[in-house]
Structures are given as structure tokens and as C-alpha cells.
**Q** 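Here it is, the structure, as C-alpha cells.
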2 protein chains.
Amino acid sequence: MARTPRNTLSPELIVRTALELMEAKGADAFSLRGVAAELGVGPMALYTYFRSKDDLYDAVRNHLMALLPAVPSNAPWPDQVRAVCRSLRLLMLQHPCLAQLLASRPLSGHETARVAEGLLGVLRNAGFDPETAARTHTTLFTYVLGATSWEIQMAAERRDPEAWRRLRMTMESLSAREFPTVVELAPELARTTGGDEQFDYGLDLLLAGLQVRTPS
Amino acid sequence: MARTPRNTLSPELIVRTALELMEAKGADAFSLRGVAAELGVGPMALYTYFRSKDDLYDAVRNHLMALLPAVPSNAPWPDQVRAVCRSLRLLMLQHPCLAQLLASRPLSGHETARVAEGLLGVLRNAGFDPETAARTHTTLFTYVLGATSWEIQMAAERRDPEAWRRLRMTMESLSAREFPTVVELAPELARTTGGDEQFDYGLDLLLAGLQVRTPS
DNA sequence: ACCTGAACACCGTTCAAGT
DNA sequence: ACCTGAACACCGTTCAAGT
């Protein structure tokens with residue numbers, strides 16, 4: 001690793017390098033010392049730009065959340081809601097570490113403001129009162145978070161042959177007397193661990209429930 | 001810490017001690033060396049019972065998931081679904097580390113079989129076809145996971161004065177031109193970050209959407 | 001089998017110092 | 001201001017050895 005000359009470091013460069021490392025080796029394997037080594041500087045060089053490792057985590061999370069596209073205008077509100085939720089899921093799928101970053105660290109507020117603004121605006125324009133709009137936003141956001149995190153985890157598990165073998169093993173060894181339905185529906189369960197169809201199914205359930213309460 | 005005599009260690013004792021440490025200091029601060037110290041043994045003593053730290057994580061997760069109560073029989077199926085989802089949420093609230101344990105490590109399959117069996121059985125008895133039952137189970141499970149994880153994280157943030165101050169600050173400093181709806185609905189948003197009411201709101205949305213497709 | 005003790009290859013972070 | 005280098009207090013885990 002060549003030694004980097006002075007004054008070539010920047011917050012953006014560090015965030016970009018950190019993100020690359022997280023996506024290459026997984027968010028767990030990531031370390032400040034690793035980033036520093038990749039940049040060809042000593043570990044302490046990073047402390048000029050970030051006060052701590054958590055600070056860098058926040059910066060990476062903000063960097064990723066800023067990539068969220070805007071809400072499409074001129075569409076029925078259910079389609080707009082769908083678009084926001086799908087965008088967030090897609091971003092998480094493209095950057096799997098985002099799920100962990102959103103779940104682990106306290107939020108500064110800025111990152112989630114964009115997705116909140118998108119959803120809340122759509123819901124308010126649709127005629128929902130403030131309380132219902134806020135409740136619906138939290139529900140939709142946490143659904144996307146949970147569904148996509150689970151999907152990512154399951155996909156990772158399928159890629160790891162050892163973990164996948166273990167899962168198949170225990171699924172097959174489940175007592176048909178203790179878990180009759182799980183055993184019976186094993187093939188269906190395997191097919192519903194992720195994918196666009198599964199995500200949209202849950203999203204449509206929420207939207208269908210919401211349309212019952214539609215104002216106007 | 002007194003030195004523990006031989007043959008007093010057991011997997012159960014280690015799991016219980018690990019769980020206590022995780023709940024006292026948070027899942028992040030938890031370490032094998034810490035557990036060993038608490039038990040009054042050397043770090044390597046634990047390796048007789050667990051092959052690795054991840055192995056111990058799995059054991060703690062299994063231990064917690066086994067605490068899930070059974071599904072109430074003799075009730076309308078929507079009430080049964082509600083009961084299962086609420087039980088899982090309650091378990092997560094009582095043991096906040098469970099959220100992280102479910103999200104971080106690959107699953108052996110055994111832990112989730114019980115909640116799956118409960119939900120799937122209820123849905124199949126209600127008359128849903130296998131595919132719909134499986135899809136609905138995944139949707140409900142991931143909703144509970146996402147909603148409760150978020151709730152726990154927000155509660156932790158409120159307890160940390162520094163993090164809470166930062167969040168309030170950025171919420172108040174949000175540009176009213178860039179984020180008009182978030183600024184307008186700030187009080188409502190603050191009230192919908194968790195709690196029984198918020199959880200049930202989302203759950204009822206899903207159930208309402210589901211009842212549209214009810215067979216029979 | 002059950003457990004110890006030293007050692008290895010890591011961490012994040014502090015502190016004093018250099019430019 | 002920007003960065004180095006040594007040091008501190010930790011990690012999980014391996015390995016050889018003891019009982």
C-alpha cells in the first residue's frame with residue numbers, strides 16, 4: 001500500500017472507501033484500521049475528519065440515504081406510496097450494509113427526513129389527518145425495514161453453503177407432530193423468504209387496509 | 001471474582017450469564033471474556049461448551065425464542081394472529097437484545113419454527129391456501145421484527161440524553177421549505193415512534209387488508 | 001472431559017509529538 | 001490543520017499443557 005501524500009484525504013474519500021470495504025467484506029469485517037490501510041495512512045489520520053468510528057458510520061448512512069430518488073408526482077397516492085417503499089427497499093438491496101446501519105446506530109434525524117417527507121406529503125395530500133399520516137408513515141417505514149432486512153439476511157444465508165445446509169437440515173428434521181404446518185408448507189415458506197412478489201404482497205396488504213379508511 | 005471450582009459450568013449457566021450481561025450492558029458491550037470473568041473462569045473454559053462466540057449467540061437466541069407462549073385456541077383467527085404478533089413483540093421488548101440477535105446471525109431454523117407454526121396453523125385453519133398463508137406469515141413476521149426493532153432503538157435513543165438532544169436539534173433545524181410536512185407533523189411523528197397503539201395500528205392495517213381476501 | 005496460561009493477530013482510542 | 005508512532009486496554013481464538 002503506497003503512502004498517500006498529505007492533504008489528499010477528505011471526508012468524502014474516507015466515506016467512499018469505508019463504503020467499499022463494507023460492501024466487499026460485510027459490515028462486520030469493517031474496521032477503521034482497515035480503511036486507513038486501504039487509504040495508505042495511519043489509523044489516526046481518520047480522526048482529523050471523524051471523531052469516532054460511530055461518527056463514520058453515521059456519515060456512511062447519510063451518504064447512502066441521500067441516494068434515495070424523489071417521489072413521482074402526478075400519480076394516484078397508492079402508487080406514490082408504493083414508489084417510495086420500493087425505492088427504499090431497492091437502495092437497501094443495492095447496499096446491504098444499510099440495513100445494519102439503520103438498525104444499529106441512533107439516528108441524527110437528517111437521513112430519515114427525506115423518506116418521511118415523501119411518505120407524509122403523499123398521505124397528507126391524499127386527505128389523511130396528521131395523526132393517521134404519521135402512524136401510517138411509521139408503519140410503512142418499519143415494514144420496509146423489517147421485510148428487506150429479513151430478505152437480505154436470508155439471501156446471505158443462501159450464499160453461505162454451510163449455513164444453508166444447516167437450515168435445510170433442521171427444516172427437514174422438524175417433528176411433523178410438533179410443527180405440522182411448517183413441515184407441510186416448507187416449499188411455500190422457502191419461496192416466500194424474499195423477492196419482489198413477497199415484498200409487494202405485504203405492501204399491498206397494508207395499502208388495502210389503508211384504502212378502507214380512505215377519506216373523501 | 002472468586003475462582004469457580006471445576007464441573008460447575010454448564011451450557012445453561014453460560015447462556016443465562018451471557019443473557020444477563022447483554023441485558024445489563026447492551027448486546028454490543030457483551031464479550032466472551034466478560035462472561036468468563038463473570039463466571040470466575042478463564043476465557044477458554046467456555047470453548048468446552050461452545051465452539052465460538054457466534055455459537056453462544058445462537059444459544060441465547062434459542063433460549064429466548066423458547067419463551068414464546070402458545071397460540072390461544074378457541075378464538076376468531078384475527079384475534080389469534082394478533083396474539084402471536086403481540087407475544088413476539090412483548091418478548092422483544094422484554095429482551096431488547098433479541099432484535100439484534102434475530103437480525104445479525106444466520107438462523108438455524110429451530111427458533112423461528114414455533115412462531116411460524118403458530119401463525120401458519122391459524123391462517124390455514126382460517127381457510128387460506130398454502131401460498132397465501134406462507135406469504136402472510138412472512139409479512140406479519142417481518143412487520144413485527146421491523147416495527148419492534150425500530151421501537152426499541154427509538155426508546156434507547158430517548159434514554160440517551162446526548163442522542164436525544166441531537167435528534168431534537170436536527171428535527172427543529174430542518175428546513176421548512178425542504179421538509180414542510182415533516183416540520184408540520186413533528187409532534188405527531190414524535191408520538192408514533194412506538195407504543196402499543198402504534199404497533200396495533202400497523203397490525204390492524206395488515207389484518208384489514210387480509211380480511212378483504214378472506215376465503216369462505 | 002474439563003480447564004488453564006501464554007501467545008497471536010487483531011480492535012478503537014488516547015496522548016505526545018512532528019510538519 | 002493534518003498526520004505519525006508508540007502505547008493502552010481491550011477483543012476472539014489457537015495451541016500446548018495440565019488434571
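Note: hydrogens, waters and symmetry copies are ignored here, and every other heavy atom, side chains too, is used. Just so we're on the same page: letters track the sequence lines, and every chain starts at 1.
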**Q** D/dC11 P sits how many Å from B/Tyr57 OH, rounded?
**A**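 Roughly 12 Å, once rounded to whole Å.
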**Q** So how far is it from B/Tyr143 OH to B/Thr136 OG1, rounded to the nearest 0.5 Å?
**A**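 Going from OH on B/Tyr143 over to OG1 on B/Thr136, the span is 15.5 Å.
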**Q** How many Å lie between CZ on A/Arg33 and C1' on D/dT4, as a whole number?
**A**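 It works out to 13 Å between those atoms.
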**Q** Select from A/Met44 and A/Gly34 the residue whose nearest nucleotide in DNA chain C is closer to the 5' end of that strand.
**A**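 Its nucleotide being nearer the 5' end, the pick is A/Gly34.
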**Q** Taking the side chain of A/Tyr49 as heavy atoms from C-beta outward, which of C/dT13, C/dT4, D/dC3 is closest to it?
**A**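 Taking heavy atoms from C-beta onward, the closest nucleotide is D/dC3.
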**Q** Quick check, are the ring centers of B/Tyr57 and B/Phe30 under 6.0 angstrom apart?
**A**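 Yes, ring centres under 6.0 Å apart.
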**Q** When you measure from the side-chain N and O atoms of A/Ser31 to the phosphate of C/dC11, is any distance below 4.0 Å, counting only OP1 and OP2?
**A**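 Answer yes for this pair, as a side-chain N or O of A/Ser31 is under 4.0 Å from OP1 or OP2.
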**Q** Rounded off to whole Å, could you give me the CZ-to-P distance for the A/Phe30 and C/dC11 pair?
**A**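 Spelled out: CZ on A/Phe30 to P on C/dC11 is 11 Å.
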**Q** Under 4.0 Å: is that the gap between some side-chain N or O of B/Tyr47 and OP1 or OP2 of D/dT14?
**A**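 B/Tyr47 to D/dT14 OP1/OP2: no side-chain N or O under 4.0 Å.
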**Q** If D/dT4 has a Watson-Crick or G-U wobble mate with both distances under 3.5 Å, name it; if not, just say none.
**A**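 In the structure as shown, D/dT4 has C/dA16 as its Watson-Crick or wobble partner.
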**Q** Would you kindly give the NZ-to-P distance between A/Lys53 and D/dC10, to the nearest whole Å?
**A**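 Rounded to the whole Å, the gap is 17 Å.
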**Q** Could you check how far CZ of A/Phe50 sits from P of C/dT14, rounded to whole Å?
**A**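 Going from A/Phe50 (CZ) to C/dT14 (P), I get 16 Å.
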**Q** Nearest whole Å is fine: how far is D/dC11 C1' from B/Asp54 CG?
**A**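 From B/Asp54 CG to D/dC11 C1': 14 Å.
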**Q** Would you kindly give the CD1-to-P distance between B/Ile14 and C/dC3, to the nearest whole Å?
**A**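 B/Ile14 atom CD1 is separated from C/dC3 atom P by 8 Å.
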**Q** Quiz question: by atom type and distance under 3.5 Å, do the side chains of B/Glu117 and A/Thr181 form a donor-acceptor pair?
**A**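 Yes, because at least one side-chain N or O of B/Glu117 sits under 3.5 Å from a partner of the opposite role on A/Thr181.
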**Q** Figure out the CG/C1' separation between A/Asp28 and D/dC11, and round it to whole Å.
**A**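 Checked: the CG to C1' distance equals 15 Å.
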**Q** B/Gln198 and A/Thr139: side chain to side chain donor-acceptor pair (under 3.5 Å), yes or no, with the steps?
**A** CA-CA 8 Å; B/Gln198 171 61 32; A/Thr139 300; 3.2 Å; yes
